[in-house]
Structure formats: structure tokens, C-alpha cells
Number of protein chains: 2
Amino acid sequence: MYSVAIEDYLKSLWKLGPKDVGTQELASHLDVKPASVTKMVLRLTEMGLVDHTPYKGASLTRQGELEALSVVRRHRLLETFLSQTLGLGRDQLHAEAERLEHALSKELEDAIANYLGNPVRDPHGHPIPGPNGELPGGFDIPLSDCPLNKSLTVMQIPDYDSLVSSWLETNGIFPGVKLIIESRDDFDGGINCKIDNNEVRISSSIASLVKVSQED
Amino acid sequence: MYSVAIEDYLKSLWKLGPKDVGTQELASHLDVKPASVTKMVLRLTEMGLVDHTPYKGASLTRQGELEALSVVRRHRLLETFLSQTLGLGRDQLHAEAERLEHALSKELEDAIANYLGNPVRDPHGHPIPGPNGELPGGFDIPLSDCPLNKSLTVMQIPDYDSLVSSWLETNGIFPGVKLIIESRDDFDGGINCKIDNNEVRISSSIASLVKVSQED
DNA sequence: TATAAAGTTTAGCCATGGCTAAACTGAAAA
DNA sequence: TTTTCAGTTTAGCCATGGCTAAACTTTATA
């Protein structure tokens, strides 16, 4: 089993990928200094988990990707499990899973997946990778890219930013909710939606983080 | 929050205490070398968690004891939670809780305790310390110290030795089971019990690890 | 095209928590 | 009382994963 730090680096590279990720970008995502990233990326390259081109960036090898997917699977299974059993709020799930994911054995992972009936989405709507890294489909598109006056269903919301999370919560936006975009602000990209007969204005930055599906 | 290593040292000192614990004893319990223990004990003393007399031994301060009880509480709540929700076998619980206990936030600890209805015993019958370190009573006595021909109820079984655990499991010895000691081998201390109308011979070493209560 | 700025890497430091080998203590045996 | 030896501590090493400061690339700007 890899250390917490290594798992965190692989997970961040996966989230920021598949493009080459710069030292600075990775550093700010992990909340460490760029010099620490360079050092660690060299070690990961040595271990065959990462490809690194100096002054250009780093990306996961297939092996690194599989390991990252394993961490993501544990994270999303834990979120689903904690939500189902303890009824934790969507806003608490991420932080708890973030710490527990590194301490989950394969056996416990299997037991949880089995208990939950091998779910394909976590409570934020994010796809849960399979035990061998298979990432379930998904043609979900950013709400910010959708046409007006079509019936849309919210599929995925972000989990890492607690400010965004609580805004979404209080505005009733979570997976499964249906909405229609009624107008778009040409100037700043903000959109006006109808949700459950309520009018809600969503800023473009948030709209780009919410993924929806479009009825045929 | 203290590191995994520090929490492990405190927990071991608690389990081996309250007497002064020698360097060697602590080292073998933690599976590290004595020199590593001496170094760490000095740090813990510096931190006010441990009292150390050179060449004599170490014991927990009140602060160290409270921290140890907090780790034990998390461990035993996790065992209970994993048993109830996932139905894990008593033999798997210990190892999983051992890793997860260090990653459990106060909030999640509270949520689990609440979900379980603030249990006072874990699946091995061990008392679960309260949120402020209160250790629920218990006049349970080692099976090896009990008189013959009295009705006894198994209250606590050990959790750390998987060989002992599986022997107990296959012989139907777990908390709640009633038994009677019919005879004792004067030579090696082994005892012959009647459990559920079956005869079971229990070695003295195992009998000293099983705690029972005696009906008035 | 030369230079400034932004981003990356290197060098060298620190704390943590292991290790081995050697020195030291104290209690039991000679 | 002296010696022995088991147990403890010290000294000094190592890997991990952070950090800062300084050097180096690359890219963009003048």
C-alpha cells in the first residue's frame, strides 16, 4: 500500500489530468510548495507511477492512473456509505472520506461495495470507478454549456468547495433535480433557471461545475 | 490531532498499564526496537503525555491517559459500527478498526456513537470509554479465576490474537454465552466447561483472557 | 533579439520515526 | 563484594516529505 502522500499526489494528478500538470498547479491543489512537488514527482517517476518532462509537467502512467482510480473508488464508496448509514450531509462527506480513504483495506472496500449493491454514482453524482478501474460512462455536460428551454436533470455537483456546496444545498440543487434554463446573461454568462417553480440565478462559475443530462 | 505513531504508543501504554511499562515490553507490543521506544518515550515525556523514569519504565500522565481513552473509544465504536452495518466477522473487526481509528474525526465519532445509541460494549464485550474518558464499570473476572459449577456468562473475549479469536469462534465462545466449569486440571490449569450441552476444554492461557460475570 | 518575468528545479535544511551498534545501569549470581 | 548480564539508553545513521533560498529554463515583452 502506498503512503497517504503518494496517494494524494496520484489523486490530484488524476483530477487535474489527463493533460500534463504543471508543478505550480499541482502544488496549489495539494497545498504544498512547488519545490516539494518537484521532489515528489521525481520519486513517483522513479516508481513508474508518473511521466515527467522537466519544465513541462507531469502525468500519470497507466499504473499511476489505476492506483489513482483505486483511491477515487475508495473515496466515493466511503461517501456513499457514510451518507446511507449515518445520513451525513453532502457537505460533510468529502472531508471525512478524504481521511478515511487511505485507511480502507481491500476487504473493507469490497464489503462496503457489496453492502451498497455496487453503486455507480456517489451522493454528489460522481461516477464510482469499478474494482479494476473501469469508469462508468456518463455523457453529463456542464450546465453552463446547455441550451435554453430544455428539460435538464442535475447529475453531478462538486464536492470539494464548501462554499459552493452550501450555496447549492440552500438553493435545492443536487443530483436528480430537474431544471430549465430560461435565459442567459450575455455579459457574464450567468443563467436564470426554473427549479421546482422557483427562479434561481446561477453564476457562470458555478454553472460550469454542475453537470446535467438532457432528456433525448 | 496526534500522529498515528503517537496514538499507537499511548494506546499500548494504556493496555499494558497502569503499572510502569518497560522499554522492551512496549517495543515488542508495538513491534519496533527498544531504541526506538526510548526515543519516542522521551518525546512523549517532553509533550506531557508520559512520565518516564530512566531504566525503570514509563506510564501515562492524566493527559496521556485521556488521549489513549479517546483512541480506544474510536477503535471500539468502529468495531461496533462495522459489525452492525456490514456484519463483518469478529475476527476482521480489530484489524480494520486499527487503521481507521486514526482517521476518525470528532464529528464522525459522535455521529457513529449516536447512530449506535451510545453503546457501552463493543462486539468483543470490551467497555467503550465515554466521550470524556469515562470507562463504564464492569466486574467481569477472568474465567480462569472462577469457581466450579456456577452459571457464568461470557462478557469479554480478546480481539488482537487471530489464532485465539478463531479458536473461540469455532468453539462457540463469545459475549452472552452461558457456561459452567465442571472440572479443573490441577496440573496445567486447563478447565472443562459445559457450553450449550457441549463439553469444551479451555487451556488456562485462553481462560485467563476470557472475562465472565457470575449470576448473583 | 535581448531582457524581464514566470515557472521549475536544485541544494540544503528540518522533524518524524524507524534502525544498528556501542555504551551504560542496576540487580542477581558467584 | 565483585562480576555478569539483561535491559536501557545514547550516538549516529536512513527514508519520508515538508520547507526556503538560489539557480536555472522557458516564454513573453520590449
Side-chain angles (χ1 to χ4, degrees), chain A residues 1-17 19-61 63-64 67-68 71 98-99 101-103, chain B residues 1-17 19-61 63-64 67-68 71 98-99 101-103:
Chain A
M1 222 194 230
Y2 294 110
S3 70
V4 172
I6 288 178
E7 290 190 344
D8 282 341
Y9 273 84
L10 297 177
K11 194 169 50 141
S12 289
L13 280 165
W14 182 79
K15 286 194 189 172
L16 300 173
K19 68 181 199 306
D20 262 26
V21 179
T23 304
Q24 198 135 193
E25 187 181 5
L26 189 48
S28 78
H29 197 260
L30 285 162
D31 200 26
V32 298
K33 300 296 176 194
S36 305
V37 166
T38 300
K39 200 203 253 189
M40 192 63 140
V41 162
L42 290 177
R43 279 187 52 216
L44 295 173
T45 302
E46 193 70 27
M47 296 167 79
L49 297 167
V50 156
D51 284 328
H52 177 234
T53 314
Y55 294 101
K56 183 161 166 287
S59 61
L60 295 172
T61 61
Q63 190 195 338
E67 187 57 36
V71 181
E98 198 74 12
R99 267 174 287 110
E101 64 191 13
H102 304 295
Chain B
M1 226 195 229
Y2 293 111
S3 71
V4 172
I6 287 178
E7 290 190 344
D8 282 340
Y9 274 83
L10 297 177
K11 194 169 50 141
S12 289
L13 281 166
W14 183 79
K15 286 193 188 171
L16 300 172
K19 69 182 197 307
D20 262 27
V21 179
T23 304
Q24 198 136 201
E25 187 182 4
L26 189 49
S28 79
H29 197 260
L30 285 162
D31 200 27
V32 298
K33 301 296 177 195
S36 305
V37 167
T38 299
K39 200 204 252 189
M40 193 62 139
V41 162
L42 290 178
R43 278 186 53 217
L44 294 173
T45 302
E46 193 68 29
M47 294 167 80
L49 297 167
V50 156
D51 284 328
H52 176 236
T53 315
Y55 295 100
K56 181 159 167 287
S59 61
L60 295 173
T61 61
Q63 191 195 338
E67 187 57 37
V71 181
E98 198 73 13
R99 269 173 286 108
E101 65 191 13
H102 304 294

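Just so it is clear: chains get the letters A, B, ... in the order the sequence lines come, proteins before strands, and each one is counted from 1.
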Could you tell me the separation between the [atom1] atom of [X] and the [atom2] atom of [N], rounded to a whole number of Å?
X	N	atom1	atom2	answer
B:Leu26	C:dG17	CG	C1'	14 Å
A:Arg43	C:dT10	CZ	P	16 Å
A:Lys33	D:dT16	NZ	C1'	20 Å
A:Tyr55	C:dT8	OH	P	10 Å
A:Ile6	D:dA15	CD1	C1'	11 Å
B:Glu46	C:dA15	CD	C1'	14 Å
B:Asp20	D:dG7	CG	P	16 Å
B:Leu42	D:dA11	CG	P	11 Å

Do the side-chain N or O atoms of [X] get closer than 4.0 angstrom to the phosphate oxygens (OP1, OP2) of [N]?
X	N	value
A:Gln24	C:dA6	no
A:Thr23	C:dG7	no
B:Ser3	C:dT16	no
B:Tyr9	C:dG18	yes
B:His52	D:dT8	no
A:Thr38	C:dT9	yes

*Search all heavy atoms of A:Val32 against all heavy atoms of A:Val37 and return the closest pair with its distance.*
CG2-CG2, 3.7 Å
*If you take all heavy atoms of B:Tyr2 and B:Glu7, which pair is closest and at what distance?*
O-OE2, 3.8 Å
*Any sub-3.5 Å donor-acceptor pair from B:Thr23's side-chain atoms to B:Pro34's backbone N or O?*
no
*Is a side-chain donor or acceptor of A:Thr61 paired with a backbone partner of A:Gly48 at a separation under 3.5 angstrom?*
yes
*DNA chain D: 5'-proximal contact among B:Lys39 and B:Ala35 (nearest heavy atom)*: B:Ala35
_Both B:Val21 and A:Met40 contact DNA chain D. Taking the nearest nucleotide for each, which residue is further toward the 5' end?_
B:Val21
*At under 4.0 Å between heavy atoms, what does B:Lys56 touch on the DNA or RNA strands: base, sugar-phosphate, or nothing?*
nothing
*asked:* I need the single residue from A:Lys33, A:Met40, A:Lys39 that forms a side-chain contact (heavy atoms from CB on, under 4.5 Å) with A:Ser36. Which is it?
replied: A:Lys33
